2 protein chains.
Amino acid sequence: MKRDSRLSWVLHALLHMSQADRSITSDQLAGWMDTNPVVVRRTMGLLRDEGLLATVKGPGGGWSLACDPEKVTLRRLHEILGDGNLFAIGVKTETPSCLVEAAVNRRLTSAMAEAEALLLARLGEITLADLLADFAGEDGAAFATHRDGPS
Amino acid sequence: MKRDSRLSWVLHALLHMSQADRSITSDQLAGWMDTNPVVVRRTMGLLRDEGLLATVKGPGGGWSLACDPEKVTLRRLHEILGDGNLFAIGVKTETPSCLVEAAVNRRLTSAMAEAEALLLARLGEITLADLLADFAGEDGAAFATHRDGPS
DNA sequence: GTTTCATGTAACGTCAAATATTACGTAACT
DNA sequence: AGTTACGTAATATTTGACGTTACATGAAAC
């Protein structure tokens with residue numbers, strides 16, 4: 001399975017945006033995130049629809065943060081992105097007629113549910129502000145890694 | 001992405017096999033698991049290579065359990081199957097040059113590692129025998145769900 | 001010993017989900 | 001008007017899981 005990496009690069013984008021003093025275009029972000037501008041608009045549009053980002057059309061327009069980094073958890077972002085399956089493994093039949101298979105499914109889904117709950121809880125404990133703090137003090141180096149990065 | 005369901009149906013197969021008094025062919029298993037005989041051989045071959053199953057060629061041959069259900073955990077099976085990625089989400093870049101992205105990756109992979117550890121721990125607590133016990137008493141009903149099941 | 005049953009395995013085909021791309025529409029600034 | 005930028009539908013590409021075909025090998029039955 002191809003892993004869904006949207007949460008990963010959206011976070012990356014949000015952090016850079018939170019430090020920029022002006023809005024950033026989809027093209028710029030696509031360059032930094034090594035993806036396509038349309039993908040950026042499509043994905044970040046989900047966050048805009050939730051009021052976390054603001055977009056402005058036309059020259060000088062682009063994307064900017066419209067939320068308090070202290071108040072946005074990774075869990076919230078994960079849920080907005082709507083990643084369906086958190087796991088790459090799963091049961092073969094959702095509602096099996098065989099009782100043996102049903103017993104297997106109960107055990108597997110129960111274990112996976114526990115792990116999922118833990119992961120969501122951890123993601124719920126981490127805010128954008130926490131991530132910003134993670135590299136506080138090395139901002140210069142951080143931005144030097146993207147050509148044409150925010151001044 | 002398509003979720004890897006091998007652990008799920010291999011368990012299903014092992015449970016049925018553990019109750020059969022004779023070996024079972026790949027064709028039979030493929031019928032019950034709703035898959036292809038070659039897939040059965042490919043997948044269960046991994047377990048045979050680890051000594052958990054025995055195969056016999058020729059008429060009357062097939063697959064049979066060669067291990068103690070008390071001693072085989074779901075974790076062991078998961079590891080033998082070698083499912084690479086447990087999660088359907090992941091970081092975009094494994095070794096990023098951007099420090100911001102690296103900070104994101106650290107947080108994400110750390111949270112995922114915790115969840116993975118929990119899931120593996122849970123799978124390590126469950127044996128084939130536990131699964132067999134789950135439906136003890138309803139054996140007849142269990143087997144009735146597969147036509148031509150073990151007598 | 002050859003026919004039949006069954007596994008072993010390489011090679012290739014199919015399918016679904018994530019991502020990428022193309023194309024065109026709309027709004028805003030100059 | 002022309003340029004910049006987002007909005008979005010439609011389509012293509014990619015990747016990994018799974019399925020299928022084909023053929024080889026070994027064991028039993030006759």
Side-chain angles (χ1 to χ4, degrees), chain A residues 1-10 12-13 17 20 22-31 33-50 53-64 66 78 81-94, chain B residues 1-10 12-13 17 20 22-31 33-50 53-64 66 78 81-94:
Chain A
M1 148 197 249
K2 199 179 242 183
R3 287 163 76 160
D4 185 340
S5 62
R6 287 178 304 160
L7 180 58
S8 158
W9 68 256
V10 162
H12 182 187
M17 288 172 56
R22 50 189 165 76
S23 57
I24 300 177
T25 68
S26 306
D27 278 320
Q28 282 178 300
L29 286 171
M33 304 306 129
D34 191 33
T35 181
N36 188 288
V38 177
V39 173
V40 169
R41 285 197 278 270
R42 201 155 51 198
T43 307
M44 309 222 326
L46 297 170
L47 306 192
R48 182 204 49 226
D49 294 344
E50 293 291 322
L53 295 176
T55 52
V56 174
K57 288 183 172 182
W63 299 81
S64 57
H78 164 72
L81 293 180
D83 305 328
N85 297 323
L86 204 43
F87 292 98
I89 65 172
V91 299
K92 167 126 187 148
T93 311
E94 213 60 62
Chain B
M1 177 193 236
K2 202 178 241 182
R3 288 163 76 160
D4 184 341
S5 63
R6 287 178 305 159
L7 180 58
S8 157
W9 67 256
V10 161
H12 182 186
M17 287 171 57
R22 49 190 165 77
S23 57
I24 300 176
T25 69
S26 305
D27 279 319
Q28 281 178 300
L29 286 171
M33 304 306 128
D34 192 32
T35 182
N36 188 288
V38 177
V39 174
V40 169
R41 286 197 277 271
R42 204 155 50 196
T43 308
M44 309 225 321
L46 297 171
L47 306 192
R48 182 204 50 228
D49 294 346
E50 292 290 322
L53 294 176
T55 50
V56 173
K57 289 182 171 182
W63 300 80
S64 58
H78 165 72
L81 292 180
D83 305 327
N85 297 323
L86 203 43
F87 293 98
I89 66 172
V91 299
K92 168 132 186 141
T93 312
E94 213 59 62

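Order of the sequence lines sets the chain letters (A, B, ...), proteins ahead of strands, with each chain counted from 1. Quantities reported herein were computed from a predicted structural model and do not represent experimental measurements. The figures here come from the full heavy-atom set of this structure, side chains too, leaving out hydrogens, waters and symmetry mates.
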Nearest-angstrom distance from the residue atom [atom1] of [X] to [atom2] of [N]:
| X | N | atom1 | atom2 | result |
| --- | --- | --- | --- | --- |
| A:Leu7 | C:dA18 | CG | C1' | 15 Å |
| B:Ile24 | C:dA6 | CD1 | P | 13 Å |
| A:Met44 | C:dT19 | CE | P | 15 Å |
| A:Asn36 | C:dA23 | CG | P | 13 Å |
| B:Asn85 | D:dG16 | CG | P | 9 Å |
| B:Ile89 | C:dT19 | CD1 | P | 11 Å |
| A:Leu46 | C:dT19 | CG | P | 12 Å |
| B:Leu47 | C:dG8 | CG | C1' | 15 Å |

Under 4.0 Å between a side-chain N or O of [X] and OP1 or OP2 of [N]?
| X | N | result |
| --- | --- | --- |
| A:Ser26 | D:dA5 | no |
| A:Ser5 | C:dA18 | no |
| A:Thr35 | C:dA20 | yes |
| A:Arg41 | D:dC6 | yes |

Side chain of [X], backbone of [Y]: donor and acceptor closer than 3.5 Å?
| X | Y | answer |
| --- | --- | --- |
| A:Arg48 | A:Ala54 | no |
| A:Ser5 | A:Ser8 | no |
| A:Ser23 | A:Ser64 | no |

Sugar-phosphate, base or nothing in reach of A:Arg42, heavy atoms under 4.0 Å: base

Please work out if A:Asp4 contacts a base, only the sugar-phosphate, or nothing of the nucleic acid, heavy-atom cut-off 4.0 Å. sugar-phosphate

Identify which nucleotide among [options] has an atom closest to any side-chain atom of [X], counting heavy atoms from C-beta outward.
| X | options | result |
| --- | --- | --- |
| A:Pro59 | D:dC6, C:dT7, D:dT3 | D:dT3 |
| A:Thr55 | D:dC6, C:dT22, C:dT4 | D:dC6 |
| B:Val38 | C:dA20, C:dG8, C:dT9 | C:dT9 |

5'-most by nearest nucleotide on DNA chain C - A:Arg6 or B:Arg48: B:Arg48

Pair of N/O donor and acceptor under 3.5 Å linking C:dT19 base with A:Lys2 side chain: no

Any donor-acceptor pair under 3.5 Å between the side chain of A:Lys57 and the base of D:dT4? no

To check you understand the geometry: which heavy-atom pair defines the closest contact between A:Trp63 and A:Ser26, and what is its length? NE1-OG, 2.8 Å

Distance, nearest 0.5 Å, that separates CZ of A:Arg6 from CG of A:Leu46: 7.0 Å

